[in-house]
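On a predicted model such as this, the values are computed, not experimentally measured, just so you know.
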Amino acid sequence: MDTLSHFHSLDELIRALDRERKLLSGLFQDRKRLSFRYDVARDMAAKKDESLKFLRRFGVIRENGDFVELEDVYMKFFEEVLEVNEEINVASVKESIGNLNAAIDYYQSENSPTRKYGYLKDVKRILRNIALTTLRNVIDLKRNIDNTYKNEPTFAVKKKKLVNLDEKRKDIAVLINECERVIDEKQATFFMMAMDVGLKETVTDVKLQLREVYHNLLELDRQIINYLNLIEYQNRLFEKVQKLKYLRDQMLLETNTDLKAKMDARNPVWMEPRPRYTLKVSLSMLRTTDLGLKILQDVAKGKHNSRLRKGNLAEPLTKEELTEQQQVLQMVDVREVKTAFMASGDNLFHFVMNYSGYRKNMTEEEKLVLFCQIAAQYLDELFISEEHSRHGNIEFPLIYPKTA
């Protein structure tokens with residue numbers, strides 16, 4: 001087992017991370033699943049096995065069986081800097097408030113001006129850190145709430161996660177109130193005595209940020225309640241659908257429910273918008289007729305109005321146009337031709353080309369199409385021989401009815 005070492009300087013750390021940036025980037029992207037095998041990590045490392053041994057000895061990566069993972073300290077560092085962390089670290093804010101009280105106590109107990117100034121700098125730094133950490137927690141909380149509702153497939157797990165995130169929201173609100181109480185009540189004497197320009201600006205900025213964060217928490221509270229209500233509604237709907245499916249599978253849907261009566265009582269068609277069918281005017285009519293010229297003039301006048309006037313209605317339909325009109329289309333009954341062919345004993349191509357019982361005058365091309373239709377639709381009842389017949393430049397196989 002390798003002896004654990006540590007970096008002796010910031011330059012050494014930065015050089016090591018920069019040299020292995022390809023491997024570290026791959027490990028960070030696959031941090032949610034255990035899929036980064038040792039041989040893949042070895043291919044991405046700058047110096048192969050030597051690089052992996054170096055990173056493992058300095059606590060940057062660890063081996064988990066045949067897989068390689070980033071150590072937690074670097075994982076959390078990358079997630080916090082890139083603002084993609086999913087854990088809401090409320091404990092760090094609570095710990096910072098304790099450190100703030102301790103730094104104030106040290107300042108009040110210290111007599112050396114130099115050391116007192118050092119503790120005052122610690123107070124400013126801790127206040128800024130509390131505001132920054134709280135803001136990041138709220139951003140992470142917002143992202144986690146949305147991801148949980150949209151991506152978690154299990155209703156029960158989704159609800160538990162949202163309830164847990166709501167508890168995190170309450171904890172953040174409590175810590176915000178506690179920080180404001182430290183500034184305004186618990187350590188009011190310190191902030192009055194030690195208030196210089198720098199501390200005054202820091203306190204003002206921190207209060208403004210905490211107030212903005214608190215308003216965002218109120219919005220998150222409303223959003224969580226809305227999501228929980230939607231989950232309950234979707235869960236009840238899912239249960240109803242399951243019951244209906246069970247009743248349908250058991251053929252009890254109509255006897256055990258009033259679903260048919262409910263559906264018959266509904267008339268959703270009246271809620272649909274009325275369709276409008278627009279007809280385009282012929283360009284030749286617009287160009288060559290007096291009526292077309294009048295239409296163009298009306299449209300030109302309408303450009304100066306807010307909207308075109310409604311009143312230019314079409315002429316009423318005449319009695320002749322309202323009279324029922326029928327049109328008979330002559331068609332070939334493929335089944336009838338096929339039945340006649342099956343009784344003829346002839347080959348299909350010769351029969352179709354010379355058949356005289358068509359109900360319409362058929363061209364040669366239409367007969368060829370009919371030949372292909374019969375051959376494709378009734379292939380199971382036909383026998384295709386190896387002989388062919390030529391028609392122009394096209395050869396057709398000789399097809400006969402199958403004998404019993």
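Remark: Leu210 CG to Leu127 CG distance equals 9.0 Å, nearest 0.5 Å. Rounded to the nearest 0.5 Å, atoms CZ (Arg125) and CD1 (Ile130) are 10.0 Å apart. Between atom CD1 of residue Ile145 and atom CG of residue Leu220 there is a gap of 4.5 Å, rounded to the nearest 0.5 Å. Within the model, atoms CD of Glu95 and CG of Leu175 stand 12.0 Å from one another, a figure rounded to the nearest 0.5 Å. The CG atom of Leu55 sits 9.0 Å away from the CG atom of Leu27 when rounded to the nearest 0.5 Å. Atoms CG and CE, from Leu370 and Met362 in turn, are 5.0 Å apart once rounded to the nearest 0.5 Å.
Within the 4.5 Å cutoff, side-chain heavy atoms of Val60 are placed close to those of Leu24. Side-chain atoms of Asn177 and Tyr214, non-hydrogen and from C-beta on, do get closer than 4.5 Å to each other. Under the 4.5 Å side-chain criterion, counting only non-hydrogen atoms from C-beta, Phe349 is not in contact with Lys367. Side-chain contact between Leu398 and Leu348: absent, with no pair of heavy atoms (C-beta onward) separated by less than 4.5 Å. In this structure, the side chains of Phe238 and Val241 stay at 4.5 Å or more apart for every pair of heavy atoms. Taking the side chain as every heavy atom from C-beta outward, Ile231 and Tyr149 approach each other to under 4.5 Å. Counting heavy atoms from C-beta on, the side chains of Lys170 and Glu167 come closer than 4.5 Å. In this structure the side chain of Asp43 never reaches within 4.5 angstrom of the side chain of Val40, judged on heavy atoms.
In terms of heavy-atom proximity, Phe7 sits nearest to Ala16 at CE2-CB, 3.7 Å. Closest approach of Pro401 and Asp346 over heavy atoms only: CD-O, 3.9 Å. The heavy-atom pair separating Glu20 from Ser51 by the smallest distance is OE2-OG, 2.8 Å. Considering all non-hydrogen atoms of both residues, Asn361 and Glu366 come closest at O-OE1, 3.9 Å. Considering every non-hydrogen atom in both Leu70 and Met75, the closest pair reads CB-CE, 3.8 Å. Heavy-atom minimum distance, Ile126 versus Ala103: CD1-CB, 4.3 Å.
With respect to Arg136 and Asp140, no salt bridge is recorded, no charged nitrogen being found less than 4.0 Å from a carboxylate O. Taking a cutoff of 4.0 Å between a charged side-chain nitrogen and a carboxylate oxygen, Arg21 and Asp18 qualify as a salt bridge. The pair Lys338-Glu381 counts as a salt bridge, with a side-chain nitrogen and a carboxylate oxygen less than 4.0 angstrom apart. In this structure, Arg222 pairs ionically with Glu219, as a charged nitrogen and a carboxylate oxygen lie closer than 4.0 Å. Salt bridge absent: Asp39 and Arg42 never bring a charged side-chain N and a carboxylate O closer than 4.0 Å. Between Glu110 and Arg115 there is a salt bridge, since at least one side-chain N of the basic residue sits less than 4.0 Å from a carboxylate O of the acidic one. Using a cutoff of 4.0 Å between basic side-chain nitrogens and carboxylate oxygens, Lys186 and Glu178 are scored as salt-bridged. Under 4.0 Å is where a charged nitrogen must lie from a carboxylate oxygen, and between Glu254 and Lys260 no such pair does. For Lys245 and Asp249, the salt-bridge test passes: some basic side-chain N is under 4.0 Å from an acidic carboxylate O. Ionic pairing of Lys207 and Glu180 is not present here: no N-O contact between side-chain nitrogen and carboxylate oxygen is shorter than 4.0 angstrom.
More than 12 heavy atoms of other residues, nucleotides or ligands sit less than 6.0 Å from atom NZ of Lys124. With a 6.0 Å radius and a threshold of 12 heavy atoms from other residues, nucleotides or ligands, Lys121 has its NZ atom at or below the threshold. For Arg335, the CZ atom counts as loosely surrounded, since its 6.0 Å shell holds 12 or fewer non-hydrogen atoms of other residues, nucleotides or ligands. Open room surrounds CZ on Phe77; 12 or fewer heavy atoms of other groups in view lie less than 6.0 Å from it.
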* To do: Using the salt bridge (charged side-chain N to carboxylate O under 4.0 Å, His left out) rule, take Asp146 and Lys142 through it: C-alpha gap first, then chi angles, then the decisive distance, then the call.
  => CA-CA 6 Å; Asp146 291 337; Lys142 165 68 174 175; 3.5 Å; yes

* **Verdict with supporting geometry, Tyr117 and Asp122, side chain to side chain donor-acceptor pair (under 3.5 Å)** => CA-CA 9 Å; Tyr117 179 73; Asp122 290 340; over 6 Å; no

* Walk me through it: do Phe58 and Leu13 pass the test side-chain contact (heavy atoms from CB on, under 4.5 Å)? => CA-CA 10 Å; Phe58 280 83; Leu13 171 63; over 6 Å; no

* Asked: Gln242 and Tyr246: side-chain contact (heavy atoms from CB on, under 4.5 Å), yes or no, with the steps?
  -> CA-CA 6 Å; Gln242 281 186 320; Tyr246 171 77; over 6 Å; no

* Go through the steps for Leu141 and Arg169 under the test side-chain contact (heavy atoms from CB on, under 4.5 Å), then give the verdict. => CA-CA 8 Å; Leu141 184 63; Arg169 180 197 62 80; 3.7 Å; yes

* Would Gln209 and Thr134 satisfy side-chain contact (heavy atoms from CB on, under 4.5 Å), going step by step from the backbone distance to the final call? -> CA-CA 9 Å; Gln209 291 183 19; Thr134 306; over 6 Å; no

* Passes ring pair (Phe, Tyr, Trp, His ring centres under 6.0 Å), Phe383 versus Tyr400? Steps please. -> CA-CA 5 Å; Phe383 168 72; Tyr400 299 93; 7.1 Å; no

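With hydrogens and angles left out, the side-chain atoms of Gln223 and Tyr227 include a donor and acceptor closer than 3.5 Å.
Aromatic ring centres of Tyr107 and Phe190: separated by under 6.0 Å.
Using modelled atom types, no side-chain atom of Thr154 and backbone atom of Val157 make a donor-acceptor pair closer than 3.5 Å. Between the side chain of Asp221 and the main chain of Leu217, no donor-acceptor pair closer than 3.5 Å is present. Under the 3.5 Å distance criterion, the side-chain polar atoms of Asp258 are left unmatched by any main-chain donor or acceptor of Ala261.
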